[in-house]
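Below is one structure, written out as C-alpha cells; the observations come after it.
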Amino acid sequence: MASAVTGGVAATFAWNEKDGIYGKMDDELSPRPASALFGLVNRTLRGDVAASQSSNPDAVESFAVSSAPGHRALMLVNRSRFAQNVSAQSAGTDAGIGGWRNIELSGAGQTERPAGSSAKSARLKPYSITLFLMDPSR
C-alpha cells in the first residue's frame, strides 16, 4: 500500500473479503492479519505523505504521513527474518519514536503500547509492521 501511494496511485483496495485462502476473513468469519492491517492503515495513515527514508530499505521500509500540526504517523515494515533495531528523528519533536504510541502487527498478533517511553529507538520483530503514532492532544 505504501509503495502504491509513493508511486502516485490515488487509491488501493482489497479484492477479496472472505474465502478459504486469501480473504481478510476465513470461511468462519475469523479475521486474518490483513484485515487488521487494512483497518489500521485506513484509521491512522491519514494526511499528507511526509518524507521518510530507511538506511536499509531491503530490511525495513518506511512510510510517513502528517496532518494537523504535530499529528504524525510512521509505518515501519520489517521485511527481514531478523529483528531490527531502529531509531527515527522527526522535525519538531525530540521525543524519539519510543515516545510515540505504537501498534505492532506480527505473527504473534497485534500489540499496542501507549506513548510515554523516553527511548529513542525501538526493536521491530521479524516480518512485522509497526505503526508509530504521535498526537500532541493525547
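Counting begins at 1 with the first residue of the sequence. Below, each value reflects all heavy atoms present in this structure, side chains not excepted, and no hydrogens, waters or symmetry copies.
Contact record, Y127 with R79: CE2-O, 3.2 Å, taken as the closest heavy-atom pair. In terms of heavy-atom proximity, A64 sits nearest to A51 at CB-O, 4.4 Å. The heavy-atom pair separating A83 from P126 by the smallest distance is N-CG, 3.6 Å. Between A36 and Q110, the closest heavy-atom pair is CB-OE1, 3.7 Å. Across T44 and V65, no two heavy atoms sit closer than the pair O-CG2, 4.3 Å. Taking each heavy atom of S35 and K24 in turn, the nearest pair found is CB-O, 3.5 Å.
No side-chain heavy atom of E61 sits less than 4.5 Å from a side-chain heavy atom of N78. The shortest side-chain heavy-atom distance between P114 and R101 does not fall under the 4.5 Å cut-off. Annotation: side chain of I103 is not in contact with side chain of T111 (no heavy-atom distance under 4.5 Å). The shortest distance between side-chain heavy atoms of M75 and L45 falls below 4.5 Å. Taking the side chain as every heavy atom from C-beta outward, L29 and K18 approach each other to under 4.5 Å. Counting heavy atoms from C-beta outward, L133 and W100 have side chains that stay 4.5 Å or more apart. Side-chain contact check for F132 versus L76: some heavy-atom pair is nearer than 4.5 Å.
Here the NZ atom belonging to K125 is positioned 15.0 Å from the OG atom belonging to S80, to the nearest 0.5 angstrom. The CZ atom of R123 lies 4.5 Å from the CG atom of N85; values are rounded to the nearest 0.5 Å. In this structure, R72 CZ and S52 OG are separated by 13.0 Å, a value rounded to the nearest 0.5 Å.
Checked by atom type and distance alone, the side chain of T130 never pairs as donor or acceptor with a backbone atom of E104 at under 3.5 Å. When atom types are taken as modelled, the side chain of N56 and the backbone of V60 share no donor-acceptor pair closer than 3.5 angstrom. With hydrogens and angles disregarded, no donor-acceptor distance shorter than 3.5 Å links the side chain of S30 to the backbone of D26.
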Before giving the answer on side-chain hydrogen bond (donor to acceptor under 3.5 Å, both in side chains), spell out for S106 and S128 the whole-Å C-alpha distance, their side-chain angles and the decisive distance to 0.1 Å. CA-CA 4 Å; S106 70; S128 66; over 6 Å; no
Starting from the C-alpha separation in whole Å, work towards a yes-or-no answer on side chain to side chain contact (heavy atoms under 4.5 Å, CB included) for F63 and V77. CA-CA 9 Å; F63 180 77; V77 179; over 6 Å; no
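Under a hydrophobic clustering in which Ile, Leu, Val, Met, Phe, Trp and Tyr are joined whenever their side-chain heavy atoms come within less than 4.5 Å, directly or via other members, L37 and M25 fall into different clusters.
The neighbour count for R32 CZ, taken as heavy atoms of other residues, nucleotides or ligands under 6.0 Å away, is above 12.
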